[in-house]
Structure formats: C-alpha cells, structure tokens
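Following: one structure in structure tokens, then a few remarks.
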Amino acid sequence: MSTIKDIARVAGVSVATVSRVVNNDPKVKEKTKQKVTKVMLELNYTPNANARALVTQKNTTIGVIIPSLTDPFFASLANGVEQVARQQSMQLLLSTGLVSAESERQAINLLRERRCDVMVVHSKKLTDDELIALSEQIPGLVLIDRHIEQISHRCVWLDNLEGGKIAARHLLALNHQKFASISSKYQIEDPGLRLEGFTRELTGAGFAIDKELIEYGEPNLQGGEIATQHLLSSGKTFSALFVYNDAMAIGAISTLEDNGYRVPRDISVIGFDDVLLSRYSRPKLSTLNYPIEEMAQQAANLAIELTKERKTAKDDHKVESKTNKYVPRLVKRESTSLCNEN
C-alpha cells in the first residue's frame, strides 16, 4: 500500500503539503491540490481515517448501532444518522446489536476499536448502569429510543406510554367497546409501555381488555399473522385491534381478511410506527407516527455536539436544556372506522 511519504516523493512536495490536501486545507493552492490528488489516484492511495483523526483532532466517523438491518424502521433510523454524517463530511460505521446484551456490547466495542467516539446507540438489553458507565468513557455516545434519567441529556426517546393512550382514544372515539391487542414477545420496554398506555386509557373510560385477547409474537409480518390466528381461535369477539407495530398489523389484516373478516367494517386495526409500507397496505393502515428519522438526526447532531463540548473542556450538560422527548402523532387512514356492533 502506498504511504503519504510515497505521494510526497512522486508529487515533489512535502509530506505536510500532502497532509493538507488530504484534510482539505483551504490554504493549499488549487494547482498543487490537483497534482497531489492525481498522484494519489495513480498510486491508489487511501487516507487512513484513524490517523487523520489523531492529527486533526476532528471526528471523521459516526457510528450507529441498530438491532436489525432488515427492519424498515431501523433502516430509517440509520438513514437519519447517515444524512447528518454526509452534512458533516463524516463516514458512517454501522453495526447490529440483535436485541442481545452481548451483541450490543460487542458492537459498541467494535466502534471504539476504530476510534469512533461519536455514536448513536439503539440498546434494549444493556443495563442502565453499564450504559451510564459507557457514557462516561465515550464522549459522543447518545442513546436513541431509550431514556435513562441519570443521562437524560444523552437520550432521544419516544413517549410510548402516551402512544398507547392515543391509540385507545382513537378507537374509543369510534365507539368500539370490545378490544384485542398484539404485542412483541421481546421483554423490552417499548411494547410494555404501549400496551400499558392502551389498557390504562381503556380502564379510565370504563372498559377493559380480556387477557385472552392479548397475544405476543415476533415483531414482523409473520408474527402478526400467527398472533391473529391465535386470537381468532380463542372464540372471543372483538371489534378493534391495537398492534405493537405496523409490520405485525399488516400481517394481522392479511389473516383477518383470509378468515372472512373485512377491515375495517368488521374489525378496525391500528398499528404503530408509520413505516412506508403502512401507506401502501390494503386497506391503508391507521397508525401512530414515530418520527424515527427526525429523532435519529437529532441524536446524531447531539452526539457531535457532546464531543465538541468535551474537547473544549466544557460540561456536556450544556445541551441538557434541549427537549429530546418526542410524542407520537395519530395518522388516520382506512383500517379504522366507526363500530357498527354497539
């Protein structure tokens, strides 16, 4: 592999000049920049990002850790971070946590080995204490879709409890009285809070949800399909179905239609997240908008800002005054309607 010294020798300039070209120093003359760049291409020279970061003291990479590469929700999260990376002329490093404490830990360590101290982390399995300790070691660590009170200024999160309440209020306003729900089988915070908010709002309105009408499954299309089959086989009736996420909701609608139920005339279905697919399902899915791309952008900018604060020896709590909590928004489409049974 060619080195910076090779480039300098062939181009007939100093190593310092090559370094300035690599780092886009505006003081370098255009003619010199073109000559050095031409030699770099001829010798197939690739700048070492880690070495450049050490010299310039600038962050050149931003890391993002998500549970899965296949889920469109997490693809939107990664896309939000990437937009900020491009704006800041930074490279994106992507790793997966697989909803496993060990995998999340390994993913964070992998980024740290690459001298990445700006990272947006979606962690559901690492403990609060471990994440607090990591935040003290990693200047630009920001958590997304997770709130830890002790490091609240490093968290960007959604009010899932309120989201469940909004879904319940929507169905109640449509005169529904018999409810069912499908949730994720994973023992993480989000599904529990969404279901809690939903049931709490129903209770406040004088209704309850039969425990036999609450099913759990994989948070994907097939999970929604299987859970709906279980609901139908219970023999209990319901006119409204609240589902953990859009993928499961679309799987549920498919199963209901396959079994002779018309959505929303017979059963109304509401999802959560508002992923792109929800706009193209049939019927189009009523859901709760989770502004994950916008949140990811804020998380990425916050991570960069925290790093800058640390390097100027200022307290990173300076950013604490910003509000990092988001509230989901109801999106009314075609899968929910007035109940005809009451």
Results of side-chain hydrogen bond (donor to acceptor under 3.5 Å, both in side chains) for S335 - residues two or more places apart only: none
Can you name the closest pair of heavy atoms from Q150 and H153 and give their distance? O-CE1, 4.5 Å
So, the side chain of N340 versus the backbone of D266: is there a donor-acceptor pair under 3.5 Å, distance only? no
In the single-linkage hydrophobic clustering (I, L, V, M, F, W, Y; side-chain heavy atoms under 4.5 Å), do V331 and I166 co-cluster? no
Considering non-hydrogen atoms only, spot the tightest contact between P67 and V99 and give its length. CB-CG2, 3.9 Å
Apply side chain to side chain contact (heavy atoms under 4.5 Å, CB included) to E189 and H147, showing your working. CA-CA 10 Å; E189 188 177 55; H147 180 243; 5.7 Å; no
Per side-chain contact (heavy atoms from CB on, under 4.5 Å), P328 is matched among L158, N289, N160, D273 by L158
Contact between L306 and P139 at the side-chain level, heavy atoms closer than 4.5 Å - yes or no? no
Closer than 3.5 angstrom, by distance alone: can the side chain of S233 be matched with the main-chain N or O of H230 as a donor-acceptor pair? yes
Is a salt bridge present between K124 and D145, judged by a nitrogen-to-oxygen distance below 4.0 Å? yes
Positive for ring-ring contact (aromatic ring centres under 6.0 Å, His included) with F198, one of F272, F242, Y244, F207: F242
Can you name the residues that form a ring-ring contact (aromatic ring centres under 6.0 Å, His included) with F73, not counting sequence neighbours? Y290
When rounded to the nearest 0.5 angstrom, what distance separates CG in L330 from OG1 in T287? 8.5 Å
Please tell me whether L92 and L302 are part of a single hydrophobic cluster in this structure, the criterion being side-chain heavy atoms less than 4.5 Å apart. yes
On a heavy-atom basis, the closest approach of R114 and L110 is NH1-CD1, 2.8 Å
Using side chain to side chain contact (heavy atoms under 4.5 Å, CB included), reason through N109 and Q106 one step at a time and then give a plain yes or no. CA-CA 5 Å; N109 288 335; Q106 289 176 357; 5.7 Å; no
Within the 4.5 Å heavy-atom criterion, are V269 and T336 side-chain neighbours or not? no
Taking the side chain from S19 and the backbone from V15, do they hold a donor-acceptor pair closer than 3.5 Å? no
With a 3.5 Å distance limit and no angle check, can you tell me whether S278 reaches the backbone of D246 through a side-chain donor-acceptor pair? no
Quick check against the 3.5 Å criterion: does N301 have a side-chain atom that pairs as donor or acceptor with the backbone of Q297? yes
Inter- and intrachain pairs under salt bridge (charged side-chain N to carboxylate O under 4.0 Å, His left out), touching residues 163-174, at least two apart: E162-R169, R169-E201
Charged N-O contact under 4.0 Å between R105 and E102: yes
Check for a donor-acceptor pair, side chain of S184 on one end and backbone N or O of Y186 on the other, with a separation under 3.5 Å. yes
Just wondering, more than 12 heavy atoms not from E334 lying within 6.0 Å of its CD? yes
Here the gap from I214 atom CD1 to T199 atom OG1, rounded to the nearest 0.5 Å, amounts to 7.0 Å
CD-CG distance between Q298 and N324, expressed to the nearest 0.5 angstrom: 5.0 Å
Please say yes or no: joined through hydrophobic side-chain contacts below 4.5 Å, possibly via intermediate residues, are I182 and L161 part of one cluster? no
Start with the C-alpha gap between K236 and K178, add the side-chain angles, then the distance that decides, and say whether side chain to side chain contact (heavy atoms under 4.5 Å, CB included) holds. CA-CA 10 Å; K236 294 181 177 292; K178 298 177 182 178; over 6 Å; no
Count the heavy atoms of every other residue, nucleotide or ligand shown that sit under 6.0 Å from CD of E130, and state whether that count exceeds 12. yes
Side chains of Y261 and L232: does their closest heavy-atom pair fall under 4.5 Å? yes
Do L288 and D274 have side chains that get closer than 4.5 Å, going by heavy atoms? no
With rounding to the nearest 0.5 Å, note down the distance linking CD1 in I267 to CG in L231. 9.0 Å
Could you go through the side chain to side chain contact (heavy atoms under 4.5 Å, CB included) check for Q222 and E218 one step at a time? CA-CA 7 Å; Q222 187 176 25; E218 289 281 348; over 6 Å; no
On a heavy-atom basis, which atom in A303 and which in G140 lie closest, and how many Å separate them? CB-O, 3.1 Å
R333 side chain vs L285 backbone, donor-acceptor pair below 3.5 Å: yes
Lys/Arg N to Asp/Glu carboxylate O, D159 vs R194, below 4.0 Å: no
Report all side-chain donor-acceptor pairs from residues 247-259 shorter than 3.5 Å, counting only partners two or more places apart or in another chain.
residue: T255; atom: OG1; partner: G251; partner atom: O; Å: 3.1
residue: E257; atom: OE2; partner: V263; partner atom: N; Å: 3.2
residue: N259; atom: ND2; partner: T255; partner atom: O; Å: 2.7

Residues pairing under salt bridge (charged side-chain N to carboxylate O under 4.0 Å, His left out) where one sits in residues 64-84, two or more places apart or in two chains, turn out to be E82-R86
Are L276 and L221 connected into the same hydrophobic cluster when the rule is that any two of I, L, V, M, F, W, Y join if their side-chain heavy atoms are below 4.5 Å apart? no
Nearest 0.5 Å please: distance from the CD atom of Q177 over to the CG atom of L202. 11.0 Å
State, with a plain yes or no, whether a side-chain heavy atom of T61 is found less than 4.5 Å away from one of M90. no
From CG (L131) to CG (L141), nearest 0.5 Å: 7.0 Å
Would a distance-only check, ignoring hydrogens and angles, find a side-chain to backbone donor-acceptor pair under 3.5 Å from E104 to L126? yes
Where at least one partner belongs to residues 84-129, residue pairs that pass ring-ring contact (aromatic ring centres under 6.0 Å, His included), sequence neighbours excluded: F74-H122
Determine whether V64 and L93 make a side-chain contact, defined as any pair of heavy atoms from C-beta on separated by less than 4.5 Å. no
Determine whether W157 and Y326 fall in the same hydrophobic cluster, where Ile, Leu, Val, Met, Phe, Trp and Tyr are linked whenever their side-chain heavy atoms lie under 4.5 Å apart. no
For I65 against T96, the heavy-atom pair lying closest together: CG2-C, 4.4 Å
Tell me, do T37 and Q34 make a side-chain contact under 4.5 Å, heavy atoms counted? no
Decide yes or no for L213 and F179: does some side-chain heavy atom of the first lie under 4.5 Å from some side-chain heavy atom of the second? no
Any salt bridge between R146 and D128, counting N to O under 4.0 Å? yes
Of all the heavy-atom pairs spanning A240 and L171, show the shortest one and how long it is. CB-CD1, 3.9 Å
